[in-house]
Amino acid sequence: MRAQTTSSRFRALLNLKATSMSVNINNNVLLLQPFSFEDTIQYLKNAADTKNLIFGKIIHAHLITSSQLNEQSNNVVLMNSLINFYSKCGEIRVAQNLFDEMPQRNIVSWSSLMMGFLQTGGGFQVLKLFRNMGLVDGIRPNEYILSTALSACKGMLFEGQQCHCLGLKSGLVFYQYVKNALVRMYSMCSDLGGAMGVLYSIPGSDIVTYNSIISGLLDHGYMNEALGVLNRIVAEYKAWDEVTYINIFALCARIKDANMGMQVHNHLLKNSGEFGFYVTSSLMDMYGKCGKISYARKVFDSLNTRNVGSWTTIMAAYLQNDCFEETLSLFLDMELEDVEPNDYTFAVVLNASASLSALGYGTSLHAYTEKLGFKGHVIVGNALINMYSKAGFVGHANKVFTEMINRDIISWNSIISAYCHHGLGNEALSLFNDMLAAKIKPNNITFVGVLSACGHLGQVQEGFYYLQQLMNQMGIEPGLEHYTCIVGLLSKAGLLLEAENFIRFTLVNWDVVAWRTLLNACHVHKNYDLGKQIANIVLQMYPDDVGTYTLLSNMHAKAKRWDGVANIRKLMRERNIKKEPGLSWTEIRNNTCVFVSDDKSHPELKQIHEKVKDLLNKITLLGYVPDIATVFHDVEAEQKEEYLSFHSEKLAIAYALLKTPPDAPIRVIKNLRMCSDCHSAIKLISKVTNRLIIVRDVNRFHSFRDGNCSCQDYW
DNA sequence: GTAGGGTTAG
C-alpha cells in the first residue's frame, strides 16, 4: 500500500505514464528500474526548462543509485544534461563540480557550463572558459559557444570585438544566432555604430535581429535611427512577433507619438489573434506615456485576464499623468481581486503617495512591503527613500537608506537629492564622499545633487571644481541642469553679475528656470534695479511666465514703486496671465485636508480664523510685522493685512495645531512658492508653539523649528 | 545534450 502511494506520487511528480516504471522499497532506499536513456535525457531537459531543482535532483539521485553514472561509456551526453540542468537552476557550483569530474568533455560540456555562468552574471568566467576550452581540451568554438561568449561581453567592448574577429575568421558570423549575438553585444557595450555595422554588413536578418537593434537603439536614445529601422521592418518584414510590437510601442512611448502608437495598435489587432501580458502591458504603457490615459484604461478594461504586471502598468500610467489618487484607488481594486503586488507595484504606489505627500498611506505601504518580504528589493527601497523624503522626513529616508541590503546608483542619488531638497548640503556632500569611497560611479543626476549642495553651503569654488574638473575626470558631460545649478550657486552667494554673465556667456539652450533663479536672487539680495532689468529680459523671452510677473511686482513693491506694481497688474490683465490660486494641504489622522487661500467654505472656519488671529497676536509680541508690501492685490492697507492672514498655509497650520497632539510635527504641502510673509510668520509660530513645522513648497522643504528655518531664509 | 530579442520602477 505504502509502495503504491509513493509510486503514484512519484509518477505524478515525474509526470510519467503509469506503466513506465516500477518502484521497490528496500531498506528505505527507493530503487527504480533504470529509465531508458532517452527518457532520462528528456526528464533532465524538462527539469532544466522549468527550473525544477527537486525534480532534476531526483533523477540525478536515481542515476547514482542505479549505477548508471558509473559506467564510463556514453556518459558525456548524460553529464552534459546534468550540467545544463544545474546551470539553468542557478546551481553553478554543482555544475562546475560535475564538469571538473568528467574524464572526457566535449564542446557541449563547455557550452552548458558557460551558460550557467552567463545566467548568474559571471561574464568574466564565461570568457575564461572560452579561452581555456582551447587551451585545456583543444576545442575550437562553434556557433553555440561564440554566441554565448558574445553575450558575456556586456560592457567589455574590447573582448567583444575580439570575439567578433574570431567569428569573422572562422566564418561563424554567418550563423543567424551569432549575428544576432553580435548586434546585442555591441548594444550592450553602447556601441550602436558597431551594432548597425553588423546589421548591414553581415547578410541575413531575421525578426530577432531587427528586434535587437531597435531595442538597443531605444536604450541609448537613438530615436531617429530606431524609426529608420522601423521603416525597414515595415517594408521588409510581415511576420512581426510579440517582441516587435513591444519594442515599437516602447519607441512610440519614448517619442510620445500617440498617432503612430494607434497605427501599430491597429496593425496588432489585424495581424494577431491573441497576445500576452507583455504586449498588452507595453500597449497600455505606450498610451500612458503619450498622455492618452483613457485609451490605456480602455485596453485595461478590455483584458480578459490581468496579472500583476497589467495592474501595475495601468497604475503607472495614471501616476505618469499625475492622477495620484486614481493610482492608489486602483491598488485597492487590485487587492480586492486578490492579485498580490510585487516590487514594481510598490514602487508605483509609493511614488503616488510621495507625490501626494501622503505619509499615512506611505507608512502603511512600508509595513506592507516588509510583510510581503520586499525588504531587500532595491526599487522598493528607492521608492521608500523618495516617499519619506517628499513627505518631509529626510531622517526616515536616511534610515531606509542605511538599512538597505542592496543599493544602486539611484539609491545614492535619491538620498543625496533628498538632503538637498531639505537644504542639508553637508549631509549631501558627505554621502557623496561615502559613495565615492564605496566605489560607486556617480552619474549626471548625482552631480545635480552635488552642485546644489554646494549652492546651499555657499561653496562657489568647490562647485566650479566639481563642474569643471571632477565631472570631466569621470567622463560626465555637464548639461543644462548642471549649468542651472551653477547659476543658483552664484546667485545664492550674491554674485549676481557673475551669474548673469555666466548665463550670457555659456553656450547652452537656457530655459526659464535659470533666469528665474537669478531673478529670485535679485529679489532676495534686494538688488531691485538689476532684478527689474533681468525680469524685463525674461518677459521678452517668456511672456507667459507667471513667476516672473510675481517677482517683478514684489520688487516694485519693495522699492515702493506703486506705479510699477500697477503696470504689472495691467500687463497681466492684457496678456490674460492668471496666478494659480494658493493651495495647501495637511494630513490629519490619514485624512487629507485642503485649504485654499482666503477660504470661506470650511465648516470650522470660525475656529480656524480665531486660531490664526491668536497666533498672529502671539508672534507680534515677538516682533512679527505683516509684510504687506508683497500682497498682490489692489486693496487698502488694512485689507492687505487680512489677505495675508488667510494665506492657505497659515490656515492649514492653524487647523493642524487645533487637531493634533501638542508634540506632533506639522506637515503642510503647498502648490506655490511660499511668500516671505508666511515664511517669517511660520518661523515665529514654530517658536511660540514649540512645534516642528515642515512645509513643502513647489521647490523645496522648509523645516521650521524654534524660530528658524532650514532654508536659512534663502529660497 | 548546448544559443537570441521583451512589460510595470526609482
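Given the structure is predicted, the values throughout are model-derived calculations rather than measurements. Residue numbering restarts at 1 for every chain, and letters A, B, ... go by the order of the sequence lines.
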Review point. Aromatic rings A:Tyr388 and A:His366: how do their planes relate, parallel, tilted or perpendicular, breaks at 30° and 60°?
Key: perpendicular

Between [X] and [Y] (judged by ring centroids, cut-off 6.0 Å), do the two rings come close enough to count as a pair?
{"X": "A:Phe447", "Y": "A:Phe432", "result": "yes"}
{"X": "A:His422", "Y": "A:Phe701", "result": "yes"}
{"X": "A:His265", "Y": "A:Tyr287", "result": "yes"}
{"X": "A:Phe99", "Y": "A:Trp110", "result": "yes"}
{"X": "A:Tyr245", "Y": "A:Phe275", "result": "no"}
{"X": "A:Trp412", "Y": "A:Phe401", "result": "yes"}
{"X": "A:His164", "Y": "A:Tyr186", "result": "yes"}

Would you mind telling me which of [options] lies closest to the side-chain atoms of [X]?
{"X": "A:Ala316", "options": "B:dG6, B:dT8, B:dT2", "value": "B:dT8"}
{"X": "A:Tyr144", "options": "B:dG6, B:dA9, B:dA3", "value": "B:dA3"}
{"X": "A:Asn211", "options": "B:dG5, B:dT2, B:dA9", "value": "B:dG5"}
{"X": "A:Val208", "options": "B:dA3, B:dG4, B:dT8", "value": "B:dG4"}
{"X": "A:Thr148", "options": "B:dA3, B:dT7, B:dA9", "value": "B:dA3"}
{"X": "A:Asn342", "options": "B:dG5, B:dT8, B:dT2", "value": "B:dT8"}

What contact category does [X] fall into here, base, sugar-phosphate, or nothing, at under 4.0 angstrom with non-hydrogen atoms?
{"X": "A:Asn106", "result": "base"}
{"X": "A:Glu38", "result": "nothing"}
{"X": "A:Ile445", "result": "nothing"}

Using heavy atoms and a sub-4.0 Å distance, could you list which residues of [range] are near DNA chain B? By number, please.
{"range": "residues 194-207 of chain A", "result": "A:Asp206, A:Ile207"}
{"range": "residues 238-255 of chain A", "result": "A:Asp241, A:Glu242, A:Val243, A:Ile246, A:Asn247"}
{"range": "residues 290-310 of chain A", "result": "A:Gly309"}

Rounded to whole Å, how long is the line connecting atom [atom1] of [X] with atom [atom2] of [N]?
{"X": "A:Phe346", "N": "B:dA9", "atom1": "CZ", "atom2": "C1'", "answer": "13 Å"}
{"X": "A:Lys289", "N": "B:dA9", "atom1": "NZ", "atom2": "P", "answer": "5 Å"}
{"X": "A:Leu182", "N": "B:dG5", "atom1": "CG", "atom2": "C1'", "answer": "14 Å"}
{"X": "A:Asn84", "N": "B:dT2", "atom1": "CG", "atom2": "P", "answer": "5 Å"}
{"X": "A:Lys154", "N": "B:dG5", "atom1": "NZ", "atom2": "P", "answer": "11 Å"}
{"X": "A:Tyr318", "N": "B:dT8", "atom1": "OH", "atom2": "P", "answer": "18 Å"}
{"X": "A:Gln320", "N": "B:dA9", "atom1": "CD", "atom2": "C1'", "answer": "10 Å"}
{"X": "A:Leu146", "N": "B:dG4", "atom1": "CG", "atom2": "P", "answer": "13 Å"}

With a 4.0 Å limit, can you tell me whether [X] has a side-chain N or O closer than that to the phosphate oxygens OP1/OP2 of [N]?
{"X": "A:Lys88", "N": "B:dA3", "value": "yes"}
{"X": "A:Ser215", "N": "B:dG6", "value": "yes"}
{"X": "A:Lys45", "N": "B:dT2", "value": "yes"}
{"X": "A:Arg184", "N": "B:dG5", "value": "yes"}
{"X": "A:Gln176", "N": "B:dA3", "value": "no"}

For [X] and [Y], does a side-chain donor sit closer than 3.5 Å to a side-chain acceptor?
{"X": "A:Thr209", "Y": "A:Asp206", "value": "yes"}
{"X": "A:Asp241", "Y": "A:Thr244", "value": "yes"}
{"X": "A:Asn132", "Y": "A:Lys128", "value": "no"}

Point to revise | Aromatic ring of A:Tyr344 stacked on base six-ring of B:dA9, 5.5 Å, 30° | key: no

Check your understanding: Does any N or O in the side chain of A:Asn321 come within less than 3.5 Å of the main-chain N or O of A:Gly288, such that one atom is a donor and the other an acceptor?
Key -> yes

Review point. Does A:Glu403 CD have over 12 foreign heavy atoms under 6.0 Å away?
Key: yes

Check your understanding: Under the 3.5 Å rule, do the base of B:dT8 and the side chain of A:Thr313 count as making a donor-acceptor pair?
Key -> no

